[in-house]
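Here's the structure we're looking at; comments come further down.
The structure presented is a predicted model; accordingly, all values stated were derived computationally and were not measured. Convention: sequence-line order gives letters A, B, ...; per-chain numbering from 1.
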Number of protein chains: 2
Amino acid sequence: MTTRRDAVHDTLRQSEGFRSAQDVYAEMRLHGAKIGLTTVYRALQALADKGQVDVLRTDDGESVYRACATDTHHHHLVCRQCGRTVEVAGPAVERWAEAVGSEHGFTEITHTVEVFGTCSSCSTQARTG
Amino acid sequence: MTTRRDAVHDTLRQSEGFRSAQDVYAEMRLHGAKIGLTTVYRALQALADKGQVDVLRTDDGESVYRACATDTHHHHLVCRQCGRTVEVAGPAVERWAEAVGSEHGFTEITHTVEVFGTCSSCSTQARTG
DNA sequence: CCAGATTTTGACAACCATTTTCATTCCGAC
DNA sequence: GTCGGAATGAAAATGGTTGTCAAAATCTGG
C-alpha cells in the first residue's frame, strides 16, 4: 500500500519550496489526514531513495524535501526569505566539477551545488515595507 | 583567555580533512588536553564566525570543521574515503551562480559548492587491496 | 469467507549531536 | 586582596530523527 506515500508526495507537490518532515506532517494533519510522524519520515526517505524528491540540509541541520519537476540532474535556486525554489541546470558547473576532480586525481566525482538569494517579490517587499 | 580556542584551532590544523566537534574533542582528550566538550563547541563556533575555519554538514547532519589555508572564498574537493581535502577556487562557478541568480530576478546571491570524489591513493588501494 | 503469512502503520521510547543552564574558576583592574 | 566580568565544563535540556514493537491492514492460498 503506497497510499500514505502518495499522500506525502502530493503534499510535497503542493509546496513551492523545500519542506521539512515535520512541516509535511503538520500540514497533513491540518488537512485532516490520519498519519503518523514516523510514517511521514519513512515515506520521505523512500521517495528520496527513489529519486522522486530532492533532499537538502538546512543550516540548522534539518532535512528538507522537495518534489521536483525534472527527474534529471539539476540544482536549486532558493529564496532565503520565502523558500521559493527554481530548478536550474548547470552544464558549466558539471564540467567544472569533473575538471577540478580529475585535475587532482580524484575519481567518481559527485558534487552539491545550491544557490541562495532573495527573490524579486521578497526584495520588492523589503523595499516597500 | 583564548588559549582553549587556539588549542582547538591547532588541533584542527593538524588534520587533513574536515573533523566534527566530537572528533576534535576526542582527539584533544587523547593528547591529554584538559577541555570540555562544551568549550570545543563554543571555540568551533567562534572560529567559524570569524571565518577562521570552514564548516559544512555531513550527510547525516553532523557539522564538520576545517582550518583552511586561504581565507578567501573557495570550495572543497573532498575524498569520500579518507577525507583528504583540497581547496579549490572556482571563478567560473562564482560567475555562474551570479548569472543564474540575476537571471531569475534574485539578489544577494550566495552559494554552496562542494565536490566529492575518491582521491588517487584511495582508488589505488581499492584496486590493489 | 477464513486462517495464516506478510507488510504497513504509528505511538512511544531511544539516540545523539548540539545547546542551554548555572555554579565555579580564572584573570585583569583597582 | 578582592571585585567583576569572561571563560569553563558538568550535567540537564532540546529536538530532529530513528528504532521498537504490537496492532491494523493487506495479501495469499484454500
Side-chain angles (χ1 to χ4, degrees), chain A residues 1-12 15 17-67 78 80 83 85 112 114, chain B residues 1-12 15 17-67 78 80 83 85 112 114:
Chain A
M1 249 324 92
T2 54
T3 309
R4 310 296 175 142
R5 190 151 75 200
D6 287 342
V8 169
H9 201 173
D10 287 344
T11 303
L12 218 48
S15 186
F18 283 84
R19 309 293 303 274
S20 72
Q22 311 263 355
D23 277 352
V24 172
Y25 171 69
E27 175 129 355
M28 294 182 77
R29 300 292 294 207
L30 269 184
H31 287 259
K34 185 76 177 53
I35 195 172
L37 184 55
T38 311
T39 305
V40 173
Y41 272 105
R42 275 195 289 243
L44 250 16
Q45 282 169 349
L47 288 167
D49 284 350
K50 287 196 162 190
Q52 294 177 342
V53 303
D54 286 4
V55 198
L56 60 86
R57 291 266 178 182
T58 325
D59 277 347
D60 58 320
E62 216 177 351
S63 293
V64 287
Y65 304 82
R66 182 167 193 272
V78 185
R80 69 168 71 79
T85 300
T112 68
E114 307 296 339
Chain B
M1 244 321 100
T2 54
T3 310
R4 310 297 176 142
R5 188 151 76 202
D6 287 342
V8 169
H9 201 174
D10 286 345
T11 303
L12 219 47
S15 186
F18 282 85
R19 309 294 302 274
S20 72
Q22 311 266 353
D23 277 353
V24 172
Y25 172 69
E27 175 128 356
M28 293 182 77
R29 300 292 292 209
L30 269 184
H31 287 259
K34 185 77 178 54
I35 193 172
L37 183 55
T38 309
T39 305
V40 173
Y41 273 105
R42 276 195 286 243
L44 250 16
Q45 283 169 348
L47 289 167
D49 285 349
K50 287 197 164 189
Q52 293 177 343
V53 303
D54 286 3
V55 197
L56 61 87
R57 290 266 177 183
T58 326
D59 276 346
D60 58 320
E62 217 177 352
S63 293
V64 287
Y65 304 82
R66 183 169 193 270
V78 185
R80 70 168 70 79
T85 299
T112 68
E114 306 298 339

Evaluate the side-chain proximity of Phe18(A) to Leu56(A): yes if any heavy-atom separation is below 4.5 Å, no if none is.
yes
Whole-Å distance, Leu44(B) CG to dG9(D) C1', equals 16 Å
Has Arg66(A) got a side-chain atom pairing as donor or acceptor with Leu12(A)'s backbone, closer than 3.5 angstrom?
no
Which nucleotides of nucleotides 10-16 of chain D have their base under 4.0 Å from a protein heavy atom (B), which only their sugar-phosphate (S), and which neither (-), written as one string 5' to 3'?
BB----S
To the nearest Å, how far apart are Leu47(B) CG and dA7(D) P?
13 Å
So, do Val53(B) and Val8(B) sit near enough that their side-chain heavy atoms are less than 4.5 Å apart?
no
Could you state the CG-P distance from Asp6(B) to dT8(D), rounded to the nearest angstrom?
10 Å
Looking at dT18(C), dT19(C), dG10(C), which one has an atom nearest to any side-chain atom of Arg4(A)?
dG10(C)
In whole Å, what is the span from the CG atom of Asp60(B) to the C1' atom of dA17(C)?
10 Å
Are any non-hydrogen side-chain atoms of Tyr41(A) and Gln22(A) less than 4.5 angstrom apart?
yes
Between Gln45(B) and dT19(C), does any side-chain N or O lie under 4.0 Å from OP1 or OP2?
yes
Is there a donor-acceptor pair under 3.5 Å between the side chain of Arg4(B) and the backbone N or O of Val40(B)?
no
Evaluate whether atom CG of Asp59(A) has more than 12 neighbouring non-hydrogen atoms of other residues, nucleotides or ligands under 6.0 angstrom away.
no
